[in-house]
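What follows is one structure encoded as structure tokens, with my remarks underneath.
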Amino acid sequence: MTETTGEGASRQSGSRQDGSRRAPRPITPSYLQRAALHYLHRYAASSSQLQRVLQRKVERSCRHYDRDPGDFHAMVAEAVAACVASGLVDDRRFAEMRTKSLRRKGRSARAVSAGLAAKGIAREIVAATLPDSEEDELAAARIAARRKRLGPWSRAGREQDRQKQLATLARAGFSMKIARAVIDGAGEES
């Protein structure tokens, strides 16, 4: 957001005219709750992801005010717990939504599982949300191949690159059986 000063010069909000950043707010329970709500208003997040965001705010404020971030761990945990209790944060719902989104983009089950683990989703929830059918994996591999122009979707004269195309799908997390089916055209949808 750009603000206009008295002389007509514009500056970024959140920074001072001399270029230094505005001092972070002191950490209070109400500030953490407002920060969590603001973050959740803009982004879908898991409980551990929200906790990391709030912890970064605490660390920045503690560096500025020369305080110990460990004093605020309970406050951060309470803010996250309040969001979970109110239903604003639901790891299962987040995992389902993220899984569907990544599968539509052609991500393999392995890639989806790794992505959810990076977001802090428990293995049990990941296992429950990921479908194990070979048809779903084949459909995702087709989407990935189409997006990357591999196999039947490659440009003319690129057939000699079969090994490279197989390696591309293997690096994306698909099994060699699925990769061969898609690259050789057996996995082609009618």
Item to check | Residue pair R149, Q165: steps toward the side chain to side chain contact (heavy atoms under 4.5 Å, CB included) verdict | outcome: CA-CA 9 Å; R149 298 186 185 275; Q165 293 177 357; over 6 Å; no
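Partners of K177 under the side chain to side chain donor-acceptor pair (under 3.5 Å) rule, at least two apart in sequence or in another chain, are E134. Checked against side chain to side chain contact (heavy atoms under 4.5 Å, CB included), V126 has the following partners two or more places apart in sequence or in another chain: S113, L116, I121, L130. For D71, there are no side chain to side chain donor-acceptor pair (under 3.5 Å) partners at least two apart in sequence or on another chain. Taking the side chain to side chain contact (heavy atoms under 4.5 Å, CB included) definition, one finds that R104 meets it with K100, S101, sequence neighbours left out. For S47, the side chain to side chain donor-acceptor pair (under 3.5 Å) partners two or more places apart in sequence, or in a different chain, are D91. For S86, there are no side chain to side chain donor-acceptor pair (under 3.5 Å) partners two or more places apart in sequence or in a different chain. For A44, the side chain to side chain contact (heavy atoms under 4.5 Å, CB included) partners are F94, M97, not counting sequence neighbours. Annotation: side chain to side chain contact (heavy atoms under 4.5 Å, CB included) contacts of L37 (sequence neighbours excluded): Q33, L88.
What you find for P26 and S61 is that their closest heavy atoms are CA-OG, 3.9 Å. Taking each heavy atom of L54 and A36 in turn, the nearest pair found is CD2-N, 3.9 Å. Across all their heavy atoms, V89 and A45 have their closest contact at CG1-O, 3.8 Å. For the residue pair A128 and R92, the shortest heavy atom distance occurs at CB-NH1, 3.6 Å. The two residues A172 and A111 make their nearest non-hydrogen contact at O-CB, 3.9 Å. Taking each heavy atom of M176 and A170 in turn, the nearest pair found is SD-CB, 4.0 Å.
Grouping the Ile, Leu, Val, Met, Phe, Trp and Tyr side chains by contacts below 4.5 angstrom, directly or via other members, places F174 with W153. Both L50 and Y31 are assigned to one and the same hydrophobic cluster, defined by single-linkage of ILVMFWY side chains at heavy-atom distances under 4.5 Å. Hydrophobic clustering (ILVMFWY, side-chain heavy atoms < 4.5 Å, transitive): V84 and M75 are in one cluster.
Every pair tested for ring pair (Phe, Tyr, Trp, His ring centres under 6.0 Å) that includes a residue from residues 44-85 fails, sequence neighbours excluded, so the list is empty. Residue pairs meeting the salt bridge (charged side-chain N to carboxylate O under 4.0 Å, His left out) criterion with at least one member in residues 35-60, sequence neighbours excluded, do not occur. The list of side chain to side chain donor-acceptor pair (under 3.5 Å) pairs with a residue in residues 119-128, not counting sequence neighbours, is empty.
Using a 4.5 Å heavy-atom cutoff, the side chains of P29 and E78 are not in contact. You'll find the side chain of I178 stays beyond 4.5 Å of the side chain of L169, heavy atoms only. Between V58 and L32, the closest side-chain pair of non-hydrogen atoms falls below 4.5 Å. D161 places none of its side-chain heavy atoms less than 4.5 Å from the side chain of S154.
Note: Q55 CD to C62 SG = 8.0 Å, rounded to the nearest 0.5 Å. Atom-to-atom distance recorded for E137:CD and E135:CD is 11.0 Å, nearest 0.5 angstrom.
If you chain together ILVMFWY residues whose side-chain heavy atoms come under 4.5 Å of each other, I143 ends up in a group of its own.
Distance alone, capped at 3.5 Å, is enough to place a donor-acceptor pair between the R93 side chain and the G87 backbone.
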